[in-house]
Amino acid sequence: MSRLPVVVFLSALLLLCEGNPCCSVPCQNRGVCTAFGPQNYECDCTRTGYHGHNCTTPEFLTWVKISLKPTPNTVHYLLTHFKGFWSIISSISFLRDAIMTYVLTSRSHLIDSPPTFNADYGYKSWEAYSNLSYYTRTLPPVPEDCPTPMGAVGHKELPDAKLLAQKLLLRREFIPDPQGSSLMFAFFAQHFTHQFFKSDMKRGPAFTLAQGHGVDLNHVYGDNLERQHKLRLRKDGKLKYQILDGEVYPPTVKEVGVDMHYPPHVPDAHRFAVGHEAFGLVPGLMMYATLWLREHNRVSGVLQDVHPDWDDERLFQTSRLILIGETIKIVIEDYVQHLSGYHFKLKFDPELLFNQRFQYQNRIASEFNTLYHWHPLMPDSFRIQRRDYGYKQFVFNTSIVAEHGIGRLVESFSNQIAGQVAGGRNVPRPIMHVAVKSIENSRRMRYQSLNAYRKRFSMKPYSSFQDLTGEKEMSAVLEEFYGHVDAVELYPGLLVEKPRPNAIFGETMVEMGAPYSLKGLMGNPICSPEYWRPSTFGGAAGFAIVNGASLQRLVCDNVRGPCPVASFSVPDEKDSGSVINSGASHSGDSDLNPTVVLKERAAEL
Ligand code: HEM
Ligand SMILES: *[C@@H]1O[C@H](CO)[C@@H](O)[C@H](O)[C@H]1NC(C)=O
Ligand SMILES: *[C@@H]1O[C@H](CO)[C@@H](O)[C@H](O)[C@H]1NC(C)=O
Ligand SMILES: *[C@@H]1O[C@H](CO)[C@@H](O)[C@H](O)[C@H]1NC(C)=O
């Protein structure tokens, strides 16, 4: 009896030292940890393929699977080598289909659908499921009562975010992307993703204003009905526009009366109004906004020719679905194709999933937003038609758009190389504050560690700092900052990770990013069996626009005069011709030859 106080004291001490037993993430292989008091926990291993106290013992079938499964790096190596082999495989349609189906299902199975957690709910709840104002979370937040910020390992305090960014993320000298990504690629990334990464900073980084949670083109049409109506011409299904120098541009804020974020010095004449409030930020965004505006009005014209009896509403709505389809086609066959570096030819074909278990729904994860902060892509300055713009002259300078014209911007951006994202120390100083913010926000949202995410996405956790960076200098800095490799945070980890050989990213960025990306693209309702048919897109003509979409075509169909080469990779001197193609072509080389493109287009009409 007299020992009771001692026991109570000891448990209290344990509580202080260890807190919640789930802090140490004891449950492996996606088992779910539930704490019972300060010392006991249970792992729920249901359907993980494992059992045992910590879900570590594989069932027989699981054991067979993991013994046979090649590592992600091996698969990546195979897909990015043996060009001749893949070109043969890609030309045999049943093989291409089988491999593409495997790519889609194996990736999207890593995403919980329906979604589970959010920043305020680390356990399943109706609130977390149903409240669309939140980004979802792939891993629950680190519990509040843990001994260290990252759970149970590492220092009691995380390194100062500014210092961390300065030592590990800040660019010393521009490091070009070895995959040859162009600024055309970088601005596409920014433009495309801002339709679903649209944090509600009034509520905090855990909340989003883009409640469509996917590719709904709210960045073209506005994220609410009122804004959409203001942007629409209300005639022939078209969007409002203005003519400058004989070409179509977005209308002005003054004319349409929608809110846009511009600093005071921007004159009224240069305040373009588009779907996304922030797209005045850089001319690269406004270039894409203009291209899609022109495309919308072009497509509604095509539809009107086929359906002279359709009213404004139907022409508008059907055009929007076509543009959503075009976007997904371009993202998979041009953008992801380029990014992956695969010699296997990716294919956008929703029918591949019709015989698979697949949910046509999507919820954007906060971690996806964080990992997509690819600010190292940005160069030191922007070269347009032999003029060089620094950040001060480039940011919020929309006069650049009409002054150079869309064709010239496309040409310039397709020829300038972007920066490498992984490998550390490549964030340009003028936008370093965004990287710092991203670290601070990740902490507010209590992200788990880089290694926790590696395990979640079927990768081996890094065993040491050098294992992570592949070098000595930055790994020493990391060691000092974090103490233990299991305490390295997600975002800094992604940016200092050793890049794969000759690649823009390290392993983690790709193995995490690809599942989110493909799930978001294929989970779109237009990819479901009921939608994916010509009538949804106004008939054969509309369906053909979706299935024939490419970056090159988007440009050629919407700039006046000779059409510039539009490419996600810069031309390579060593091997001119073929490498240019890797980004933009998928339907044969003719795609890239402007004259041929124009002829094809003429033939189509
Ligand atoms: C000069 C070019 C750029 C500038 C000036 C810029 C600036 C910014 C700023 C100020 C923010 C908001 C930061 C915050 O308050 O949390 C932001 C967010 C973001 N940026 Fe950039 N950025 C640029 C290029 C890019 C590029 C090329 C990408 C490529 C994908 C990108 C991806 C993102 C993402 C995903 C977010 C988070 C958006 C959100 O959560 O709402 N940015 N950027
Ligand atoms: C489960 O994990 C904990 C902590 O991670 C460890 O101490 C314990 O020995 C493990 N138990 C079994 C049965 O593997
Ligand atoms: C979603 O959650 C936030 C934060 O708790 C709350 O303010 C908001 O009202 C919720 N939205 C809905 C539609 O319930
Ligand atoms: C904006 O761009 C124009 C060229 O279109 C240039 O003449 C001007 O100096 C730039 N504005 C600023 C504020 O740098």
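If you're wondering where the values come from, they're calculated on a predicted model, not measured in any experiment. Order of appearance sets the numbers: ligands from 1, and atoms from 1 within every ligand.
Near A186, meaning under 4.0 Å from one of its heavy atoms, ligand 1 places the atoms 27 (C). Applying the 4.0 Å criterion to heavy atoms of M378 picks out, from ligand 1, the atoms 1 (C), 2 (C), 27 (C). For ligand 1, the atoms sitting less than 4.0 Å from at least one non-hydrogen atom of N369 are 35 (C), 37 (C), 39 (C), 40 (O), numbered in the order shown with element in parentheses. Remark: ligand 1 atoms within the under-4.0 Å shell around heavy atoms of I431 are 4 (C), 5 (C). Here is the list of ligand 1 atoms found below 4.0 Å of a heavy atom in M201: 16 (O). Taking every heavy atom of Y389 and a limit of under 4.0 angstrom, the matching atoms of ligand 4 come to 2 (O), 4 (C), 5 (O). Every atom of ligand 4 is numbered from 1 in the order shown, and the set under 4.0 Å from a heavy atom of S399 is 1 (C), 2 (O), 3 (C), 5 (O). When each atom of ligand 1 is checked for a heavy atom of Y391 under 4.0 Å away, the hits are 1 (C). Remark: ligand 3 atoms within the under-4.0 Å shell around heavy atoms of E127 are 1 (C), 2 (O). Numbered from 1 in the order shown, with element, the atoms of ligand 1 that lie under 4.0 Å from a heavy atom of F197 read 35 (C), 38 (C), 39 (C), 41 (O).
For atom 9 (O) of ligand 3, the nearest protein heavy atom (residue, atom name, distance) is R203 NH2, 4.0 Å. Taking atom 23 (C) of ligand 1 as the reference point, the nearest protein heavy-atom neighbour is Q190 NE2, 3.2 Å. The protein heavy atom nearest to atom 8 (C) of ligand 1 is V434 CG2, 3.6 Å. Among all non-hydrogen protein atoms, the one lying nearest atom 4 (C) of ligand 3 is Y134 OH, 3.7 Å. Counting protein heavy atoms only, atom 34 (C) of ligand 1 is closest to H194 CE1, 3.7 Å. The nearest protein atom to atom 30 (C) of ligand 1, hydrogens excluded, is given as Y372 O, 3.5 Å; this is a heavy-atom distance. Taking atom 16 (O) of ligand 1 as the reference point, the nearest protein heavy-atom neighbour is K437 CG, 3.4 Å. Atom 13 (C) of ligand 3 has N131 OD1, 4.5 Å as its closest protein atom, hydrogens excluded (heavy atom only). Scanning the protein for heavy atoms near atom 36 (C) of ligand 1, the closest one is H373 NE2, 3.5 Å. With respect to atom 2 (O) of ligand 4, the closest heavy atom belonging to the protein is N397 ND2, 2.3 Å. Shortest contact from atom 6 (C) of ligand 4 to any protein heavy atom: R387 NH2, 3.8 Å.
In this structure, R383 forms no cation-pi arrangement with F413, as its terminal cationic atom is not both closer than 6.0 Å to the ring centre and no more than 45° off the ring axis. The side-chain tip of R137 does not point at the ring of Y447 from less than 6.0 angstrom away and within 45° of straight on.
Between W292 and E326, some side-chain heavy-atom pair lies under the 4.5 Å cut-off. Between Q416 and P379 there is a side-chain heavy-atom pair separated by less than 4.5 Å. Using a 4.5 Å heavy-atom cutoff, the side chains of I417 and F174 are in contact.
Residue F394 places no heavy atom under 4.0 Å from ligand 4. Ligand 4 is never approached by H404 to a heavy-atom distance shorter than 4.0 Å.
Considering backbone and side-chain atoms together, E403 places an N or O closer than 3.5 Å to an N or O of ligand 4.
Residues Y391 and F382 place their aromatic rings such that the two centres sit under 6.0 Å apart. Separation of the H191 and F279 ring centroids falls under the 6.0 Å cut-off.
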(request) Begin from the C-alpha positions of Y372 and F368 and carry the test ring-ring contact (aromatic ring centres under 6.0 Å, His included) through to its verdict. (result) CA-CA 6 Å; Y372 233 114; F368 189 29; 5.5 Å; yes
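With a 4.0 Å cut-off on non-hydrogen atoms, F394 does not touch ligand 1 at all. When non-hydrogen atoms are compared, ligand 4 lies under 4.0 Å from the backbone of I400 as well as from its side chain. In H265, neither the side chain nor the backbone holds a heavy atom less than 4.0 Å from any atom of ligand 4. Only the backbone of K198 comes within 4.0 Å of ligand 1, counting heavy atoms alone; no side-chain atom from C-beta on gets that close.
More than 12 heavy atoms of other residues, nucleotides or ligands sit less than 6.0 Å from atom CZ of R443. No more than 12 heavy-atom neighbours from other residues, nucleotides or ligands sit within 6.0 angstrom of CG on N502. Annotation: F348, atom CZ; neighbour count of heavy atoms from other residues, nucleotides and ligands within 6.0 Å is above 12.
Closer than 4.0 Å to atom 11 (N) of ligand 4 lies at least one heavy atom of the protein.
Taken to the nearest 0.5 Å, the NZ atom of K519 stands 10.0 Å off from the CG atom of D112.
With hydrogens and angles left out, the side-chain atoms of E497 and Y462 include a donor and acceptor closer than 3.5 Å.
For atom 40 (O) of ligand 1, the choice among S366, S199, A435 with the nearest heavy atom turns out to be S199.
Side chain of Y135 to main chain of S199: a donor-acceptor pair is present (N/O by atom type, distance under 3.5 Å, no hydrogens or angles).
Here the shortest heavy-atom pairing between Q448 and P140 reads NE2-O, 2.9 Å. The two residues T80 and G341 come nearest to each other via the heavy atoms CG2-O, 3.4 Å.
Metal site remark for atom 21 (Fe) of ligand 1: H375 contributes an N, O or S atom at a distance under 2.8 Å.
Ring geometry, F568 versus F185: the interplanar angle exceeds 60°, so the pair is classed perpendicular (tilted spans 30 to 60°).
Between V488 and the choices T469, L494, L468, N451, the side chain to side chain contact (heavy atoms under 4.5 Å, CB included) rule is met once, by L468.
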